[in-house]
Amino acid sequence: RINSYIDIFEPELETEKIFKAKDIIKRELMKSGHVTLSSVVQNYNLTELIAKKAFYELQKENIGKIYNVEGEIVLKRD
């Protein structure tokens with residue numbers, strides 16, 4: 001019975017995950033000036049999809065710019 005209601009809350013949960021991921025990534029950017037997708041996924045137990053969405057949202061907000069460096073996705077502070 002509860003499972004039938006899970007879909008109602010799923011978009012909010014994804015939004016919250018992205019919000020938290022953005023906070024984590026912003027902190028890392030302040031420390032080193034750049035963050036790799038793989039390091040965020042490994043160190044903070046995020047899914048690659050959530051981390052990518054956070055990267056793209058941060059780029060839209062002009063907080064950083066996404067680069068592909070030798071197959072690695074990197075967000076670099078502007």
Side-chain angles (χ1 to χ4, degrees):
R1 210 175 128 130
I2 292 173
N3 288 340
S4 62
Y5 294 103
I6 289 176
D7 290 338
I8 295 171
F9 299 105
E10 189 61 36
E12 183 178 21
L13 293 176
E14 183 173 291
T15 304
E16 289 173 357
K17 289 176 187 177
I18 293 169
F19 182 80
K20 289 176 185 173
K22 285 169 56 177
D23 278 349
I24 290 167
I25 294 165
K26 284 185 211 176
R27 282 197 306 266
E28 290 299 313
L29 277 175
M30 293 305 127
K31 288 181 196 172
S32 66
H34 71 281
V35 181
T36 63
L37 182 69
S38 62
S39 69
V40 170
V41 169
Q42 289 172 358
N43 296 332
Y44 296 99
N45 198 26
L46 298 171
T47 65
E48 189 170 317
L49 180 63
I50 295 294
K52 277 184 181 178
K53 286 181 178 184
F55 269 43
Y56 285 106
E57 283 191 17
L58 289 169
Q59 181 173 259
K60 275 196 247 179
E61 295 170 11
N62 294 319
I63 292 182
K65 183 153 173 66
I66 297 171
Y67 297 94
N68 188 326
V69 180
E70 297 177 11
E72 176 70 71
I73 297 172
V74 179
L75 182 69
K76 187 173 181 185
R77 188 172 53 194
D78 281 340

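Numbering starts at 1 and runs along the sequence shown. What's counted below: heavy atoms across the whole structure, side chains too, no hydrogens, waters or symmetry copies.
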Next on the checklist: Assigning hydrophobic clusters by single linkage (Ile, Leu, Val, Met, Phe, Trp, Tyr; side-chain heavy-atom cutoff under 4.5 Å), is Val35 placed with Val74?
Outcome noted: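 Looking at the clustering, Val74 is in a separate group from Val35.
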Checklist entry - What about Ile63 and Leu37, same hydrophobic cluster or not, with Ile/Leu/Val/Met/Phe/Trp/Tyr joined at side-chain heavy-atom distances under 4.5 Å? => result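 Cluster IDs for Ile63 and Leu37 match.
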Next on the checklist: Tell me the closest heavy-atom pair linking Ala51 and Val41, and the distance in Å.
Outcome noted: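 Reported closest heavy-atom pair: CB-CG2, 4.0 Å.
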Item to check | Phe55 versus Val40, closest heavy-atom pair with distance | outcome: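 Nearest pair, atom of Phe55 first, then Val40: CE1-CG2, 4.3 Å.
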For a 4.5 angstrom cut-off between non-hydrogen side-chain atoms, does [X] reach [Y]?
X: Ile73; Y: Ile66; result: yes
X: Lys22; Y: Glu61; result: yes
X: Leu75; Y: Leu29; result: yes
X: Lys65; Y: Arg77; result: no

Approximate separation, where rounding is to 0.5 Å, of [X] [atom1] and [Y] [atom2]:
X: Ile25; Y: Ile18; atom1: CD1; atom2: CD1; result: 10.0 Å
X: Lys76; Y: Ser32; atom1: NZ; atom2: OG; result: 11.0 Å
X: Thr15; Y: Glu57; atom1: OG1; atom2: CD; result: 8.0 Å
X: Glu14; Y: Leu49; atom1: CD; atom2: CG; result: 6.0 Å
X: Leu58; Y: Lys53; atom1: CG; atom2: NZ; result: 14.0 Å

Next on the checklist: Regarding Lys52 and Glu48, does a basic nitrogen lie under 4.0 Å from an acidic carboxylate oxygen?
Outcome noted: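 Yes, charged N to carboxylate O under 4.0 Å.
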Item to check | Distance-only polar pair, side chains of Glu28 and Tyr44, donor-acceptor under 3.5 Å | outcome: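 Short answer, yes.
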Item to check | Asn68 atom CG, neighbour heavy-atom count above 12 within 6.0 Å | outcome: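 Count over threshold, so yes.
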